[in-house]
Number of protein chains: 2
Amino acid sequence: MKISNTVEWAIHCCTLLAGLPEDVNLSAKDLAEYHGVPHPYLAKALQMLSNDGILKTISGPKGGYRLASKPDSVSLLDIVLSIEGNDSCFGCEEIRQQGPTALKRSLSYKRPCLIASAMWKAENVWRAELEKVKLTHLVDQVKVEADPRQMKKTQEWLNDKYNSK
Amino acid sequence: MKISNTVEWAIHCCTLLAGLPEDVNLSAKDLAEYHGVPHPYLAKALQMLSNDGILKTISGPKGGYRLASKPDSVSLLDIVLSIEGNDSCFGCEEIRQQGPTALKRSLSYKRPCLIASAMWKAENVWRAELEKVKLTHLVDQVKVEADPRQMKKTQEWLNDKYNSK
DNA sequence: TTAATTGCGGATATAATTTATCCGTGATAG
DNA sequence: CTATCACGGATAAATTATATCCGCAATTAA
C-alpha cells in the first residue's frame with residue numbers, strides 16, 4: 001500500500017506550472033533540474049499527465065509543458081490517478097467463492113462482498129478528499145507559507161530560464 | 001498504490017473467527033482450507049495478526065487461532081495496518097529541499113510540505129472510515145445478506161472440524 | 001532547407017518488493 | 001513419548017517499480 005514517489009514529483013511539477021503565467025512553459029529537463037530528480041524518468045510521468053489531459057504539450061525548441069486547464073479545475077486526485085492508474089487499491093478476489101463451503105452457482109454472489117464494499121467505501125472517501133484539493137489551493141498556500149527567500153530564488157531561476165530562450 | 005491480497009485473506013479469517021463461539025479455535029490449515037488459499041503463506045499473515053494482538057494463539061494439538069478480544073473492538077483498520085504496516089502510503093521525500101532554488105538551512109522547512117499534508121489528510125480520512133467498521137458489523141451483515149445455503153454448509157464444515165478433534 | 005531542440009513511445013535493464021515455500025524449534029494434548 | 005501446531009528465520013520465485021536509452025515525429029530558428 002505505497003504510492004509511487006513519482007506522484008510526489010508530478011504534484012510538485014503541476015503546482016509549479018500552476019503558479020506560472022499562462023503563456024510560459026517548462027521543458028521536462030527544466031522541471032527535472034528544478035526539483036533535483038532524474039530527467040528521463042520524470043519525463044515518463046509528464047507523458048502520463050499529458051496523455052490524461054492534465055498537461056499541454058508544446059514540442060520543438062522552446063517547447064515543454066504547461067497546464068492544460070485552469071489551476072482550479074485540476075485536483076490532486078486527477079494527478080494521483082493519472083500516475084497510479086484508476087484501479088481500486090483493494091482488489092477483491094472473491095475468496096468467498098472459494099473453498100469447500102462455496103456455492104456452485106455464481107448467481108448466489110450477485111451482491112458484492114461486504115468486506116470489499118467496506119474497503120471500497122473507505123477508498124471513495126479518500127478520493128473525495130483528494131478531489132477537494134485543487135492546484136489553486138496549493139499555489140495560494142505556498143504563497144503564504146513558503147520562505148520568501150526561496151520564492152525569490154525561484155523567481156530568479158524562472159527569469160534565467162525565460163531569458164535564455 | 002495496491003493493497004496486498006493477504007489483507008483480504010486476513011479480514012475474511014478474522015470475520016469468520018469473530019462469528020465463532022469464544023472457546024472455539026481454528027488452525028492456520030483449517031483457515032487456509034476454508035478460504036481456498038495457500039496454507040504456508042496465510043500462516044504468515046496470521047502470525048502478524050497474532051503479534052499485533054488481534055488474534056490469540058493456542059499452540060499444540062487442537063491449537064490454532066481465535067480472536068484476542070471482542071469482535072466490536074477490532075476494526076478493519078486494525079487488520080489492514082497489522083498486515084500492511086502503519087507507514088503512510090505517501091512518502092514525502094522533501095523534494096522542495098532539492099534543486100537549485102532550495103535553501104541551505106533545513107530550519108527554513110520546519111512546517112511540513114503542503115503537498116504531503118494534503119496527501120496525509122486524505123489518508124487520515126481513509127483510516128477513520130476503516131476504523132468505523134468493526135468485525136461485529138461484518139458478522140451481522142453476513143448473517144443478513146449471505147446465502148442461507150452457504151451458511152448451512154459453513155456450519156456443517158465447522159461441526160466436522162470440531163467433532164474430528 | 002537544414003540543424004537543433006523537444007516530446008513521444010517502445011524496448012530494455014536493474015532494483016525492490018511481493019508472494020510463496022521450507023525447515024528447525026518450542027509448546028502441548030493425548 | 002509422539003503427533004500436532006504456532007513461530008521465526010532463511011530462501012526462492014515472480015512480479016512490480018525504478019531508471020535509462022534510442023529512434024521518430026513535431027517544431028522552431030537560422
Side-chain angles (χ1 to χ4, degrees), chain A residues 1-10 13 17 23-33 35-66 68 82-85 87 89-91 93 95 161-162 164-165, chain B residues 1-10 13 17 23-33 35-66 68 82-85 87 89-91 93 95 161-162 164-165:
Chain A
M1 189 183 46
K2 198 171 158 294
I3 291 179
S4 163
N5 58 344
T6 56
V7 169
E8 187 188 2
W9 304 355
C13 287
L17 291 172
D23 59 337
V24 175
N25 59 73
L26 290 171
S27 71
K29 195 160 43 165
D30 293 340
L31 289 167
E33 178 193 332
H35 292 108
V37 300
H39 159 234
Y41 193 42
L42 176 65
K44 290 295 180 193
L46 297 171
Q47 260 174 60
M48 294 187 209
L49 295 170
S50 175
N51 280 331
D52 290 333
I54 295 170
L55 295 184
K56 191 163 121 187
T57 286
I58 298 105
S59 63
K62 296 185 71 172
Y65 298 96
R66 69 178 65 159
S82 176
I83 303 293
E84 293 275 327
D87 291 343
C89 66
F90 182 82
E93 297 193 1
I95 73 173
K161 284 290 159 199
Y162 204 66
S164 69
K165 283 180 181 173
Chain B
M1 190 184 44
K2 197 172 157 292
I3 291 179
S4 162
N5 58 343
T6 57
V7 168
E8 187 186 2
W9 303 354
C13 287
L17 290 172
D23 59 337
V24 176
N25 59 74
L26 290 171
S27 71
K29 194 161 45 167
D30 292 341
L31 288 165
E33 178 193 332
H35 292 108
V37 301
H39 158 235
Y41 193 42
L42 176 64
K44 290 294 179 194
L46 297 171
Q47 259 175 58
M48 295 187 209
L49 295 170
S50 174
N51 281 330
D52 290 333
I54 295 170
L55 295 185
K56 192 163 121 188
T57 285
I58 297 106
S59 64
K62 296 184 72 171
Y65 297 95
R66 70 179 64 158
S82 176
I83 303 294
E84 292 276 328
D87 290 344
C89 66
F90 182 82
E93 297 194 1
I95 74 172
K161 284 291 161 200
Y162 205 65
S164 68
K165 284 179 181 174

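A, B, ... follow the sequence lines: proteins, then strands. Residue 1 opens every chain. Quantities reported herein were computed from a predicted structural model and do not represent experimental measurements.
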Just N and O in the side chain of A:N51: are any of them under 4.0 Å from OP1 or OP2 of C:dG9? yes
In whole angstrom, what separates A:I58's CD1 from D:dA29's P? 13 Å
Looking at D:dA29, D:dC7, C:dC8, which one has an atom nearest to any side-chain atom of B:S50? D:dC7
When you compare the side chain of A:W9 with that of A:P38, does any pair of heavy atoms fall below 4.5 Å? yes
Is the closest side-chain heavy-atom distance between B:L42 and B:C13 below 4.5 Å? yes
Write down the distance between OH (A:Y65) and C1' (D:dA26), rounded to a whole number of angstrom. 13 Å
Ignoring backbone atoms, test whether B:T57 places a side-chain nitrogen or oxygen under 4.0 Å from the OP1 or OP2 oxygen of D:dC7. yes
Pair A:E33 + A:K161: basic N to acidic O under 4.0 Å: yes
Just the rounded figure in Å: distance from P of D:dT4 to CG of B:L26. 18 Å
Side-chain contact test, heavy atoms from C-beta onward, threshold under 4.5 Å: evaluate it for A:L46 versus A:L31 and give yes or no. yes
Atom-pair distance (CG on B:L42; P on D:dC7), nearest Å: 12 Å
When you measure from the side chain of A:E84 to the backbone N and O of A:V7, does any donor-acceptor pair fall under 3.5 Å? no
Report the distance from atom CG of A:D52 to atom P of C:dG9, rounded to the nearest whole Å. 11 Å
Can you find a heavy atom in the side chain of B:Y65 that is under 4.5 Å from one in the side chain of B:S50? yes
Between B:S59 and A:S59, whichever has its closest DNA chain D nucleotide further toward 5' is B:S59
Does B:E8 reach the main-chain N or O of A:E93 with its side chain, forming a donor-acceptor pair under 3.5 Å? yes
Pairs under 3.5 Å (N/O, protein and nucleotides 13-21 of chain C):
from   : atom 1 : to   : atom 2 : distance (Å)
C:dT19 : OP2    : B:S4 : OG     : 2.8

How close or far is atom P of C:dC22 from atom NZ of B:K29, stated in whole angstroms? 14 Å
Over all strands shown, is A:A28 touching base, sugar-phosphate only, or nothing at heavy-atom distances under 4.0 angstrom? sugar-phosphate
Can you measure B:K62 atom NZ to C:dA29 atom C1' for me and round it to whole angstrom units? 8 Å
For A:D30 and C:dG7, what is the distance between atoms CG and P respectively, to the nearest whole Å? 8 Å
